[in-house]
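Here is the structure we will look at, set down as structure tokens.
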Amino acid sequence: MDITNRFIAEKLNLMGQLLEIRGENVFKIRAFYRAADVIDRMGSPVEGLDETALSSISGIGKAIAAKIREIVKTGTFEELEEVRSGIPEPLIELLSLEGVGPKTVSTLWKKLNVQSIDDLEREARNHRIRALKGFGEKKEEGFMKAIAIHREQSTGRMTRAEADRVVGRVTPALHPGTFEVAGSYRRGKSSVGDIDIVLSESASSINPDLRRVADEIIDVGEKKTSLKVLGRRVDVRFSRPGQFGSMLLYLTGSKAFNIKLREIAIGKGYKLNEYGIEDRSRGGLREFATEEELFSFLGMDYVVPELREDWGEVERAVAHTLPELVTDREIRGDLHVHSSWTDGKLSLPELAQAGDEKGYEYLLCSDHSATLGISHGLDEKSLKSQAHEVELVNRASSCQIIHGIEVDIMADGSLGLESRALAELDLVIASVHSGFTQDRDVMTRRLISAIENENVDIIGHPTGRIMGRRQPVAIDMDRVIDRARETGTALECNASPHRLDLDDLHIREACLKGVRIAIGTDAHDPSEFGNIGYGLLICRRGWAGPGDVLNTLHRNELLEWAS
DNA sequence: GCCGTTTTCGGCCCGACTGTTTTCAGTCG
């Protein structure tokens, strides 16, 4: 059985939670959380690393390195099992309740023998909690409410499309130029937890407008207001215009990035917070209306939001060696669209026209192959007719249709169409659409045999994940990326907000190794062409430069690359 | 438990908000 980074991170995280409930040293606890976070965010598996290699990773020392080795060998570690044996397992679920942390759990457990959410509900209903020191009526009500929320929704994250709908509802209530959406939304993450907005107007002047667009007001304060909009949490933070830069920086995060920046400030004798920078010895607050001024004050280059993850960008900004990222100006076309020849809505002439309107040089028409029954896929014969129509349409349009296909990768790694048919096409995308539950080794070999096929140019949505619906397939991405580099095959960044596949970390790994990325919207409908922006954000988060992305090539360069 | 061109010991990001309190603990982001 493979030990994934996620699995290791979960064990370390669990250790942190258990130690919290036990009331251990907070810095020891933090060390476990930090190590878990570091492991979880690493692009390549740590399973094969020895203790020396592990402890050279920042945030992992000798002790945790040894525990990771133990997890790889046995699936757990001795100290974890020891701590776990003294604490009832359901206690941990209590931590997922809003407003309930380790101290609360610990007190409830020791004083009232509350071991589960059901226990807590019973005690709260019988008003036995208010009798405890430090607890009262409000706390009891809060617990009941938190339990209700917990049961109602195991709160999933939003897709970017959903986040855009929430933002689109809130921002008309705000005045242009007075606000910025911050948080993971601004960083371009593939999914978003809640929406954070920084606003340079005062609470009193704007709150009535916000009330109108909200389903519910959660909190109202002088410094921040929390709303529920379209069922999602929106936090609005008020800032004086003169302090807007530091507030925006703070609320954009990521948390790890903020901590790194504060450490840099400390190293220079300053204290950084959301109001500005204080001189630790002389006092006095220096304010920043823009983020650019703040970065400059700290001697750093401006770090775009997409890079703010503490993946090495802070050091690069200090050394003035930040990478050049791909931008929308360099995108010359969409490398994955469907037509009405199969399950798409637009005919080829309509596609070409839509491409024109987007200012594209080309669109890669990649309909499904016949093996995928549901979408009336193309066979060799219909591909020939389609090729003929493509030729006709291209004569009348400035946006050129590149004739391709999205061919199925079958369970055994073979392709859904004969090589003879594929060889006729300009570009071939190969994707997995079935048999997602194969084990890791089989799935990896399946993808690699598609990569090795001489006709395949791009692997479509390589992990197959669909947000909130389907987990990514088990796959050895290192091996896939290595083989893609050796064969000159590109990997897709599927820009559908439900997929965003590959995601940022894998894009980063691929680019580091010299594998090209193809951004494709997988559009079946004209409204989906705009999704290209989501894919672009993910690529930028993966540190992709213009040279890493196939869509920056001119049509003739692209066709040459594919041949 | 982790970390280090000022440190191998003594630090570890910082503030808002709530509910419980007469000055603070706990939780959250």
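When reading the values below, keep in mind they use all heavy atoms of this one structure, side chains included, and skip hydrogens, waters and symmetry mates. By convention in this document, chain letters (A, B, ...) are assigned in the order of the sequence lines, proteins followed by strands, and residues within each chain are numbered from 1.
A donor-acceptor pair under 3.5 Å is formed between the side chain of A/Arg508 and the backbone N or O of A/Trp311. Not a single donor-acceptor pair under 3.5 Å links the side chain of A/Arg69 to the backbone N or O of A/Ile64. At least one donor-acceptor pair under 3.5 Å links the side chain of A/Arg41 to the backbone N or O of A/Glu309. Looking only at distances, no side-chain donor or acceptor of A/Ser106 sits under 3.5 Å from a matching main-chain atom of A/Pro102. Side-chain N or O atoms of A/Arg187 include one that pairs as donor or acceptor with a backbone N or O of A/Thr252 at under 3.5 Å.
Across B/dT6 and B/dC17, the matching C1' atoms stand 38 Å from one another, rounded to whole Å. Nucleotides B/dC13 and B/dC2, compared at atom C1', are 16 Å apart to the nearest Å. The gap from the C1' atom of B/dC12 to that of B/dT20 amounts to 29 Å, rounded to the nearest Å. The gap from the C1' atom of B/dT8 to that of B/dG1 amounts to 15 Å, rounded to the nearest Å. A distance of about 26 Å separates the P atoms of B/dT23 and B/dC28, rounded to the whole Å. The gap from the C1' atom of B/dA16 to that of B/dT5 amounts to 37 Å, rounded to the nearest Å.
Using a 4.5 Å cut-off on side-chain heavy atoms (C-beta onward), A/Leu230 and A/Arg165 make contact.
Among the atoms of the strands shown, none is found under 4.0 Å from any heavy atom of A/Ile218. Looking at heavy-atom distances under 4.0 Å, A/Leu261 makes no contact with the nucleic acid at all. Within the 4.0 angstrom heavy-atom criterion, only backbone atoms of the sugar-phosphate kind lie near A/Gly59; the bases stay farther away. Among the atoms of the strands shown, only primed sugar atoms or phosphate atoms (P, OP1, OP2) are found under 4.0 Å from some heavy atom of A/Ile57. Heavy atoms of A/Asp194 sit nowhere under 4.0 angstrom from any nucleic acid atom. Nucleic acid contact class of A/Ile29 (heavy atoms, under 4.0 Å, all strands): none.
Contacts between residues 9-28 of chain A and DNA chain B, defined by a heavy-atom separation under 4.0 Å, are made by A/Phe27, A/Lys28. Within a heavy-atom distance below 4.0 Å of DNA chain B, no residue of residues 305-321 of chain A is found. Against DNA chain B, the stretch residues 236-256 of chain A makes heavy-atom approaches under 4.0 Å through A/Arg237, A/Tyr250, A/Lys255.
With values rounded to the nearest 0.5 angstrom, A/Asp164 atom CG is found 10.0 Å from A/Met158 atom CE.
Nucleotides of DNA chain B lying under 4.0 Å from heavy atoms of chain A occupy a range whose first and last members, 5' to 3', are B/dG1 to B/dG29.
Heavy-atom neighbours of A/Arg6 CZ from other residues, nucleotides or ligands within 6.0 Å: at or below the threshold of 12. Annotation: A/Glu292, atom CD; neighbour count of heavy atoms from other residues, nucleotides and ligands within 6.0 Å is above 12.
Taking 4.0 Å as the cut-off between side-chain N and carboxylate O, A/Glu123 and A/Arg128 count as a salt-bridged pair. The pair A/Asp482-A/Arg479 fails the salt-bridge criterion, with no side-chain N (NZ, NE, NH1 or NH2) lying under 4.0 Å from an Asp/Glu carboxylate O.
Each of A/Val105 and A/Ile259 was assigned the nucleotide of DNA chain B with the nearest heavy atom; the assignment lying further toward the 5' end belongs to A/Ile259. Residue A/Phe32 is the one, among A/Phe32 and A/Leu132, whose nearest nucleotide of DNA chain B lies closer to the 5' end (criterion: closest heavy atom).
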Side-chain donor-acceptor contacts of residues 79-87 of chain A below 3.5 Å, not counting sequence neighbours, with atom names and distances?
unit_1	atom_1	unit_2	atom_2	d
A/Glu79	OE1	A/Lys67	NZ	3.0
A/Glu81	OE2	A/Thr76	OG1	2.6
A/Glu81	OE2	A/Arg84	NH1	3.0
A/Ser85	OG	A/Glu82	O	2.7

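The nucleotide B/dT8 finds no pairing partner, because no Watson-Crick or G-U wobble arrangement with both distances shorter than 3.5 Å includes it.
Note: A/Tyr270 and A/Phe297 have tilted aromatic rings, judged against thresholds of 30 and 60 degrees for the angle between ring planes.
Side chains of A/Glu291 and A/Tyr302: a donor-acceptor N/O pair is present below 3.5 angstrom, by distance only.
Among residues two or more places apart in sequence or in another chain, the side chain to side chain contact (heavy atoms under 4.5 Å, CB included) test is passed with A/Ala66 by A/Glu51.
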